[in-house]
Amino acid sequence: MSQALQSLLDLLDLERIEENIFRGQSRSAVVPRVFGGQVAAQALVAAGRTVPEDRLPHSLHAYFLRIGDPGAPIVYTVDRMNDGRSFTARRVVAVQHGQPIFALSASFQKYEEGLDHQAPMPPAPDPATLPTAEERLPVYGNLDPEVVERLLEARAAVDLRYVDDPPYGRYGEPRAPRSQVWFRTNGKLDDDPPPNSVWGDPLLHICLATYVSDMTLLDSVLLAHGRGGWAVGDVVGASLDHAMWFHRPFRADEWLLYDQESPTSSGGRGLGQARIYTQDGRLAISVIQEGVMRVPRPS
């Protein structure tokens with residue numbers, strides 16, 4: 001396991017303050033604020049620690065309310081909304097400096113058999129044939145070396161490989177509003193965790209996928225308009241809301257295809273939707289996110 005991955009696992013390992021109150025540490029993302037995927041994953045950890053072990057998340061719905069301060073801890077309060085025979089519902093609010101910065105509702109389900117069908121996995125090249133971030137990013141001469149360093153540092157725990165150039169790698173001309181990314185953790189996860197560890201079940205993989213899901217989902221919005229995003233300064237953006245549905249088991253340390261597209265953007269907002277498949281073609285997760293997408297005004 002890489003040191004970066006261990007640091008990410010430590011970041012998600014929340015401190016229990018009270019029965020329904022947890023505290024998490026934070027760190028800067030590629031921009032000077034808390035990364036949205038971190039808050040979402042930590043909130044899901046908090047919710048999951050109040051749910052019976054035989055129930056896993058099947059959906060989450062979240063709102064990003066305020067910019068998070070990477071220099072301060074985040075307190076997560078869990079509201080036990082419902083404990084049914086098959087489903088369990090939790091609401092989590094993340095607080096910094098006395099104000100809510102993030103709110104999440106998640107539903108957990110006890111496993112059961114049922115009707116089964118799925119959309120087929122789209123064509124995609126083998127991830128082993130694609131360049132790593134360390135190989136791809138330095139090639140883009142338009143990127144400031146400091147930006148490249150920040151991107152590599154922020155994503156060091158994840159092996160993330162674009163099928164085509166990311167928005168900041170080739171911008172200026174609109175492209176089809178579709179993007180594909182293969183990802184997995186940068187190292188294998190321990191399948192024999194220590195006693196009483198929260199990571200002794202599939203919750204770990206779900207929380208890690210939640211973390212990664214906020215990294216690239218709005219790329220397709222940028223592609224539609226030939227924009228490069230924050231890395232080149234031609235768009236100012238931030239996540240507004242985020243929803244995920246978990247359909248089938250998967251491992252975050254094995255390749256997952258993140259197939260993303262944007263059906264629309266308007267009113268200073270852009271919408272991204274995606275499906276995440278295992279390498280053998282099983283539809284594991286569906287994701288939808290809306291974000292602020294503003295073009296900076298000339299000074």
Can you tell me if CD on E153 sees more than 12 non-hydrogen neighbours from other groups inside 6.0 Å?
-> no
Apply the test side chain to side chain contact (heavy atoms under 4.5 Å, CB included) to residues V163 and W182: give CA-CA distance (whole Å), side-chain angles for both, the deciding distance (0.1 Å), then the verdict.
-> CA-CA 7 Å; V163 170; W182 285 100; 4.2 Å; yes
The reported gap from CG in L12 to SG in C207 (rounded to nearest 0.5 angstrom) is 6.5 Å
Side chains of L222 and Y171 in contact at under 4.5 Å (non-hydrogen atoms) | no
Could you check if a side-chain atom of L44 sits within less than 4.5 angstrom of a side-chain atom of Y76, using non-hydrogen atoms only?
-> no
Would you indicate whether the side-chain heavy atoms of L130 and Y162 approach each other to under 4.5 Å?
-> no
Any donor and acceptor pair, going by atom type alone, linking the side chain of S239 with main-chain N or O of D241 inside 3.5 Å?
-> no
For the student: nearest non-hydrogen atoms of V92 and A46, plus distance | CG1-CB, 4.5 Å
State plainly whether one hydrophobic cluster holds both F250 and L189, where clusters connect Ile, Leu, Val, Met, Phe, Trp and Tyr through side-chain heavy atoms under 4.5 angstrom apart.
-> yes
Answer whether the closest heavy-atom distance between the side chains of S179 and T216 falls below 4.5 Å.
-> no
Any donor-acceptor N/O pair, N186 side chain to A156 backbone, under 3.5 Å | yes
May I ask you to check whether T88 and R55 show a side-chain donor-acceptor distance below 3.5 Å?
-> yes
Does one side chain, of D69 or S26, offer a donor that lies under 3.5 Å from an acceptor on the other?
-> no
4.5 Å side-chain heavy-atom contact, F22 and T50 = yes
Is there a donor-acceptor contact under 3.5 Å from the side chain of Y111 to the main chain of D54?
-> no
Output yes when D164 and R170 qualify as a salt bridge under the 4.0 Å nitrogen-oxygen rule, no when they do not.
-> yes
Could you check L60 against W245 for side chain to side chain contact (heavy atoms under 4.5 Å, CB included), going step by step and ending with a plain yes or no?
-> CA-CA 7 Å; L60 66 83; W245 293 263; over 6 Å; no
Do the side chains of L151 and Y211 join up, straight or via other hydrophobic residues, at under 4.5 Å, putting them in one cluster?
-> yes
Charged N to carboxylate O below 4.0 Å: is that the case for R80 and E19?
-> yes
Side chains of Q180 and D259, donor plus acceptor under 3.5 Å | yes
Stepwise, does the side chain to side chain contact (heavy atoms under 4.5 Å, CB included) test hold for V287 with I276?
-> CA-CA 8 Å; V287 193; I276 298 178; 4.1 Å; yes
Closest heavy-atom pair and its distance - A274, Y258 | CB-CE2, 3.3 Å
Within the side chain of R269, is there an N or O that forms a donor-acceptor pair under 3.5 Å with the backbone of M293?
-> no
Honestly curious: do L160 and L9 fall in one hydrophobic cluster under the side-chain, below-4.5 Å linking rule?
-> yes
Going by distance alone, is a donor N or O of one side chain under 3.5 Å from an acceptor N or O of the other, for Q279 and E254?
-> no
How far does CD1 of I206 sit from CZ of R251, to the nearest 0.5 angstrom?
-> 12.5 Å
Has R275 got more than 12 heavy atoms of other residues, nucleotides or ligands less than 6.0 Å from its CZ?
-> no
In sequence, state the C-alpha distance, the side-chain angles, and the governing distance for D83 and R90, and then conclude on salt bridge (Lys or Arg N to Asp or Glu O under 4.0 Å).
-> CA-CA 9 Å; D83 289 288; R90 296 289 185 262; 2.9 Å; yes
Nearest 0.5 Å please: distance from the CG atom of L218 over to the OG atom of S220.
-> 7.0 Å
Taking atom CZ of R136 as the centre, does the number of heavy atoms from other residues, nucleotides or ligands within less than 6.0 Å exceed 12?
-> yes
Closest heavy-atom pair and its distance - S265, V221 | CB-CG1, 4.1 Å
Looking only at atom types and distance, does a side-chain atom of E290 sit under 3.5 Å from a main-chain N or O of G270, one as donor and one as acceptor?
-> no
Same apolar cluster (I L V M F W Y, side chains within < 4.5 Å links), L152/W230 = yes
salt_bridge(R175, D219) N-O dist < 4.0 Å | no
What closest approach, in Å, do S262 and L271 show between heavy atoms, and which atom pair accounts for it?
-> OG-O, 2.7 Å
Going hydrophobic residue to hydrophobic residue with side-chain gaps under 4.5 angstrom, can you get from V93 over to L240?
-> no
For residues A94 and V39, report the shortest heavy-atom separation together with the two atoms involved.
-> CB-CG1, 4.1 Å
Examine distances only and state if a side-chain atom of R248 and a backbone atom of L283 form a donor-acceptor pair shorter than 3.5 Å.
-> yes
Scan side-chain atoms only and decide if Y140 and D165 contain a donor-acceptor pair under the 3.5 Å cut-off.
-> yes
Got a sec, which hydrophobics cluster with I67, joining ILVMFWY side chains under 4.5 Å apart, including via others?
-> none
Does Q118 reach the main-chain N or O of G281 with its side chain, forming a donor-acceptor pair under 3.5 Å?
-> yes
Value rounded to 0.5 Å, distance of CG in L8 from CG in L208 = 5.5 Å
Do L11 and Q38 have side chains that get closer than 4.5 Å, going by heavy atoms?
-> yes
Given side chains that start at C-beta, do those of V232 and N142 come closer than 4.5 Å, heavy atoms only?
-> yes
Rounded to the nearest 0.5 Å, how far does NE2 of H225 lie from CG of D234?
-> 11.5 Å
Any chance CD of E149 has more than 12 other-residue heavy atoms, nucleotides or ligands included, within less than 6.0 Å?
-> no
Please determine, by modelled atom types, if Q109 and H58 share a side-chain donor-acceptor pair under 3.5 angstrom.
-> no
Is it true that atom OH of Y63 has more than 12 heavy atoms of other residues, nucleotides or ligands lying nearer than 6.0 Å?
-> no
Residue pair P167 / R227: nearest heavy atoms and the distance that separates them | CB-O, 3.4 Å
Pair M244-S286, side chain to side chain contact (heavy atoms under 4.5 Å, CB included): steps then yes or no = CA-CA 6 Å; M244 302 180 73; S286 296; over 6 Å; no
Evaluate the side-chain proximity of T278 to L256: yes if any heavy-atom separation is below 4.5 Å, no if none is.
-> yes
Quick one: CG on L14 to CD on Q42, what's the gap to the nearest 0.5 Å?
-> 5.5 Å
Indicate yes or no for a side-chain donor-acceptor contact from R282 to the backbone of P249 under 3.5 Å, with no hydrogens or angles considered.
-> yes
Quick one: does H247's side chain have a donor or acceptor within less than 3.5 Å of a partner on I285's backbone?
-> no
For the pair D214 (side chain) and G37 (backbone), establish whether a donor and an acceptor sit closer than 3.5 Å, ignoring hydrogens and angles.
-> yes
